[in-house]
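The basis for the numbers below is simple: all heavy atoms, side chains too, and nothing from hydrogens, waters or symmetry mates.
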Amino acid sequence: MLIKNYLVIIAVFAALMLSVPVVSMFKTNLWDAERDNGSEKSSTSGTSSGGNGDQEQTADEIAILDHKTNEVFTIPVREYIIGVVFAEIPPTYETEAIKAQAVAAHSYARRHMELQNQSPSDELKGAALGTNPANFQAYLTNEEIRERYKDNYDEYYKKISECVDEVYDKIMVFEGQIIVAAFHAYSHGRTVPAMAVWGTDIPYLQSVDSELDMILPNDTVEISAAETERILKEAYEDIEFPEFRSDWFRDIDADTSGYVVSLMAGNTKLSGVRVRELFSLRSAAFTVDSIDDNFVFISKGYGHGVGLSQFGANAMAMQGKTHQEILKHYYSGIEITTF
């Protein structure tokens, strides 16, 4: 029975790859966005303020900066959460996994609303957050959802909206504070502690088991030596390389889950996260080999690996776990409370 379930999980993941935008799968900067207050992504719904920074917002509404128009629009928080869930997780996933994603999305939004109320960012022009999936949660408007799912729109919208409504009053807190609800597509068998990615120890973002993620395939990126040299020299002008290409990447320090903590690229020490960014790898859990005139990176997992594994959440839901159990597994020591 377990083997059959795993095959079903892989089939669902294939649907994920077709239905979820690749950029949202990376999900790299939830913590950075909180520190830097970056912003970006498009929307056509809601009321625009013209980007003048005087957007009115109630507890049940959220103001968002649209990077394509540089304007702020306000929509109900419920509508925003539905749009985020559609952008972040396939509607074909199990309902308990979708609910877990909805609580994470809601927690993330409420935290940013609080932060911006306390210390507004000039860059956000009065909004609570932006919509660039590289910096914030991805978001789809109703029109974008309808265009993506076409004939399945009514079925999927009903499913997602019902899941959101069932948990809409729930958020995650740790020691009385709304958490940084980081999430990613899938890990390499264990999630990654926040310290390894952002250099900040966050008690509820520790490494936890996500073993079923390991049934997913690895990803291979092959880059010519010339292109590798160009990328590294563009990023680090003073970098120098050993005579033999096999020594260009060496002294790789990886944790027990295979996530690269650091390595030497020529004479320059880089973090695994930085290498992932430079060469557009799916994760920082990778190996690298020199083969002929190319470097071959094989990465395991998809995303930064911190917090909720979306694939892992779906696998747990298929095994009968509730969204509460899923969230408390991936976010250590949190409480789920009524907002």
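- Residues that satisfy the side-chain contact (heavy atoms from CB on, under 4.5 Å) test with K158, not counting sequence neighbours, are E162.
- Outside the 6.0 Å centre-distance limit, the rings of Y331 and Y204 are not counted as a close aromatic pair.
- A side-chain hydrogen bond (donor to acceptor under 3.5 Å, both in side chains) with H323 is found for exactly one of K99, E96, Q101, namely E96.
- The main-chain N or O of S299 is never found under 3.5 Å from a side-chain atom of R282 such that the two would form a donor-acceptor pair.
- Residues passing the salt bridge (charged side-chain N to carboxylate O under 4.0 Å, His left out) test with D201, sequence neighbours excluded: none.
- Alongside F244, the hydrophobic cluster contains no other residue (criterion: ILVMFWY side chains under 4.5 Å).
- Cluster partners of I298, by chain and number: I291, V296. The rule joins Ile, Leu, Val, Met, Phe, Trp and Tyr whenever side-chain heavy atoms lie under 4.5 Å apart.
- Remark: K150 engages E147 in a salt bridge, criterion side-chain N to carboxylate O under 4.0 Å.
- For D60 and R78, the salt-bridge test fails: no basic side-chain N is under 4.0 Å from an acidic carboxylate O.
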Could you walk me through whether S290 and R245 pass side-chain hydrogen bond (donor to acceptor under 3.5 Å, both in side chains), step by step? CA-CA 7 Å; S290 174; R245 289 200 187 102; over 6 Å; no
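- Residues forming a side-chain contact (heavy atoms from CB on, under 4.5 Å) with A254 (at least two apart in sequence, or on another chain): none.
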Could you list the donor-acceptor pairs under 3.5 angstrom formed between side-chain atoms of residues 215-225 and any protein atom two or more places apart in sequence or on another chain?
from: E222; atom 1: OE2; to: N294; atom 2: ND2; distance (Å): 2.9
from: S224; atom 1: OG; to: E227; atom 2: N; distance (Å): 3.1

